Trainee: 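Shown below is the structure under consideration.
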Amino acid sequence: MSDSRWGPFLFDTSAESWFARTDDPRALKWWRAYLGRNAVSISAVTVLERVRGYARLWRTADSGRRELIESARVAYLQSVGKVLPIDAATALVAGEILALVAEPPTPPKRSHRVAESRSERLARWRFDGIIAATAMVAGMTLIHNNPGDFEAIRGGVERNPERFPGVGPLNLMRCGAIVV
Amino acid sequence: MTVLSSARPSVVLCVFSEQCAGAEVTHLFGVHVAPEGIGWRILCSPQVIHYDVRDDVQMNHRTTRRTTLTLPTGSLDLAERIARRRHLNLSAIVGEALERGLREEEQNLRSDAILRSYRKAFAGFSPEELLLLDGILVEETVEPRAPGEGNRRGRK
């Protein structure tokens, strides 16, 4: 049973980090209460993204820093609650989403010194499509901190409901909104 | 009703519910019967088994142990008032409150442990490393060279 305030929700990669790192007392209070009631549900894609991140950091780190990275990775895996798999239904819905919105709706990340390549941006966009599909198939609201991407998917799904029989709509909630 | 056997004297299971003191009570009877003609004859009452489901529920959920506790007077007064209002005894009210409090405590312990793990999972990383942990792989850019400047790749 899903409750508008207590879920259970599916957390996008960006949302999981937002709650894990926030210092906002209201957010922390909600997060603590939520963790007492529910396991944190995430997509298998989120585990993939995180583990790739830890692995890349580990490979480029010196031996002293590798220990910190490994213990952070283990801590992350210990905090993970429920991982939703990419099953046939999820793949089917994700395929429809990515056909509807083939190109990432927002440009690659960049700052004055670093930038995300076009191919990386496309891969990340596809991951977001799979995460949105996972939420739709599970019938869970997706908590996110990435409105640029997920609102585009929601719009596409809403305009083409005939492509998503028996699933949807995509229900979204931004991290900040949940604690207001 | 379920007849377990029709060949010889058998047990027929009967279930019915009734309202008892504002609560629904389910009774499960096992009645010994014997075939007679095309019907059944209920054997005499000593063979009727009576089982009140409520007794079993109470046995499972209300296993109690007598003990002596020292409680804050204010809380005790409040518990007594609630007990009178709800027509229950003091032990039931204190037991309920204790169960709720302990469940909450257990939830808090669990959420604290997960919070600690999450904090540790993301502590000690630079903003760019955190981007990578969020699935965003960024690389240093090669900025266009101004006249007379070297390659700025890798410059901090």
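Naming convention: chains lettered A, B, ... in sequence-line order (proteins, then strands); numbering from 1 in each chain. Just so it is clear, the structure is predicted and the values come from calculations on it, not from any experiment. Values below: all heavy atoms of this structure, side chains included; hydrogens, waters and symmetry mates excluded.
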Trainee: Compute both the distance and the angle, then confirm whether Arg21(A) meets the cation-pi test with Phe122(B): under 6.0 Å from the six-membered ring centre, within 45 degrees of the axis.
Mentor: yes
Trainee: Can you say whether Arg52(A) sits under 4.5 Å from chain B via the side chain, the backbone, both, or neither, judging by heavy atoms?
Mentor: side chain
Trainee: Does a side chain donor of either Asp128(A) or Asn146(A) reach within less than 3.5 Å of an acceptor in the other side chain?
Mentor: yes
Trainee: Who among Gln107(B), Arg119(B), Glu104(B), Arg103(B) has the most heavy-atom pairs with chain A under 4.5 Å?
Mentor: Arg119(B)
Trainee: Counting only non-hydrogen atoms closer than 4.5 Å, does Arg121(A) touch chain B with its backbone (N, CA, C, O), its side chain (CB onward), both, or neither?
Mentor: neither
Trainee: May I ask you to check whether Phe19(A) and Trp30(A) place their ring centers less than 6.0 Å from one another?
Mentor: yes
Trainee: Spell out, as yes or no, whether a donor-acceptor pair under 3.5 Å connects the side chain of Ser111(B) to the backbone of Leu35(A).
Mentor: no
Trainee: Taking side chain as everything from C-beta outward and backbone as N, CA, C, O, which of these in Leu109(B) sits under 4.5 Å from a heavy atom of chain A? Side chain, backbone, both or neither.
Mentor: neither
Trainee: So which part of Ala123(B) gets closer than 4.5 Å to some heavy atom of chain A, the side chain, the backbone, both or neither?
Mentor: backbone
Trainee: Report yes or no: does Arg110(B) contribute a side-chain atom to a donor-acceptor pair with the main-chain N or O of Gly36(A) at less than 3.5 Å?
Mentor: yes
Trainee: Flag the one option from Ile114(B), Leu133(B), Leu115(B), Leu132(B) with the top tally of heavy-atom pairs under 4.5 Å to chain A.
Mentor: Leu133(B)
Trainee: Under 4.5 Å from any heavy atom of chain A, what part of Glu128(B) do you find: side chain, backbone, both or neither?
Mentor: side chain
